[in-house]
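Notes for the one structure printed next.
Quick note: numbers below take in every heavy atom, side chains included, and nothing from hydrogens, waters or symmetry partners.
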Amino acid sequence: MWNASNATLFSTTQPRHYNGSATSCERVYNEFRDAVSELFAAPPANVTADEQRRLAIEEAIESYIVPAICLFGILGNVLNLVVLTRKSLTHSMDYMEKSAYLGLVGLAVSDLFFCVVRIIKCFLPEKHLYFRSHDWMIELYYSTYHEGLINLFIFSSTWLTVIVALGRYVAVCHPLHARGFINLTATRISICSAFFASVVINVPRFLKFHVTPVTCDDLTGVTRSPDDACPCHVYHKDLGTLYENKDFIFYYHICWSTVAVFLPLAVLAVCNVCLVRALRQSSRMQMTHRANRRPRDAAAAGRTITPTLVVLVLMFIVLVVPSGVMGFFGEYILRHFSSSSSGGGHYSAYMLAVACVNCLVVVNFAVNFVLYCVINAQFRRTVVQLCSCCCCCCGGARGAYRPTRFGSVSGRFGGGQNTAVSNLSEIETEL
């Protein structure tokens, strides 16, 4: 982060004389851009082998593994939205099952935005000084506010999972009460409330940093008259005044961890235990009573929603909760390592563990498509139908340029001569 001491460093070690023209600004840009990059990119002194190994692993995770997972998550969540919103998937369901699928649609939206924001972070380099005439200012604003965006979608996905799991728990374990308040309208209100609450609780994270302009004269440490002053500004990311208050940081950290990690963990754990018990009881009842059944499609829909939610909750506990717990106790752990005589090796191991569990969080937002394909046969069939339609459309477009071959195929499969001639005439008319 840039501050006054950095500007003083350059002004004292590399004195220069500028005038207030555009050439002066161009010279400031050319000289200080490379100098600032070298200053912040210089490796720290006395780096141990463990520290170098840890930095290399973190670089590999951030540069290769996380982008690949995010790209897969973007494609998977787009397919989730396409499939889950098709009427052929939900036409045989009752309103409680449709409410559960509507919650999964909201979850796919949140996961998709998380993957998009996260993959941009991997490819957008973070600089320490931004010149409006040479740099994309959107990079600066993204660097300033991306932390709030990432945590916003983490919070919304967490509570959308809670909403869907709670609704399914009530529908399965308390069906008489469920018919009173589980419906599509209530589900839509719950989804919108989850996103609104996510925005509210993450407002302080958007205020953590702010964009600060610095004049070229302040950057070079040159004092000139107002008439000769350089009118250009350089921009950098600076810590907000709210996060200079250590008490606020402490209490906000506790509040966010409680609402975003520990409370959802408790609710999801209870719901999952109850849903697993209900699944076991349902399996035993199906073994003993096979006469009275719902229609095949509706029964299949009901059988797949609950196992899907059970696995979703397990994935949240395994992939997301470790990162939240380590983040909650991170300050105390780092403080212990700093006071310990052998804290250097422990610090490297802890930071590597943080990078790994953060990667697991990204996995949680990217693999729901695989989960739905494995568990839900209807979802799988719908994906196959969509792929078949796409292949037919592509094949039809290619076949339009080969009328003779298309006509011969039609005649060979029982269409007869008249069918082949009609197909040829239609294609020739389109051409």
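In this structure, a donor-acceptor pair under 3.5 Å is absent between the side chains of Asn77 and Asn368. Using a 3.5 Å distance cut-off with no hydrogens or angles, the side chains of Thr382 and Arg86 do not pair a donor with an acceptor. Remark: the Trp256 side chain and the Asn151 side chain contain no N/O donor-acceptor pair separated by less than 3.5 Å.
In this pair, Phe114 and Phe365 present their aromatic rings parallel. The plane angle is below 30°, not in the 30 to 60° band. Aromatic ring orientation, Tyr145 versus Tyr141: parallel (interplanar angle below 30°, classes split at 30° and 60°). Using cut-offs of 30° and 60° on the angle between ring planes, the pair Phe113 and Phe153 is parallel.
Pairing each heavy atom of Pro67 with each of Phe123, the nearest pair is CB-CZ, 3.7 Å. Smallest separation of non-hydrogen atoms from Ile254 and Thr258: O-OG1, 2.7 Å. When all heavy atoms of Phe209 and Lys237 are compared, the closest pair comes out as CB-CG, 3.6 Å. Contact between Ala108 and Asn80 at its shortest, heavy atoms only, is CB-CB, 4.0 Å.
The list of salt bridge (Lys or Arg N to Asp or Glu O under 4.0 Å) pairs with a residue in residues 54-69, not counting sequence neighbours, reads Glu51-Arg54, Arg54-Glu58, Glu62-Arg118, Glu62-Lys121. Identified under the side-chain hydrogen bond (donor to acceptor under 3.5 Å, both in side chains) test for residues 189-198, with sequence neighbours left out: none.
Asn272 meets the side chain to side chain donor-acceptor pair (under 3.5 Å) test with no other residue; sequence neighbours excluded.
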- prompt: Is there a ring-ring contact (aromatic ring centres under 6.0 Å, His included) between Phe369 and Phe72 once you walk through the steps?
  reply: CA-CA 9 Å; Phe369 175 76; Phe72 179 82; 7.1 Å; no

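Here Arg205 contributes atom CZ and Leu149 contributes atom CG; the two are 12.0 Å apart, rounded to the nearest 0.5 Å.
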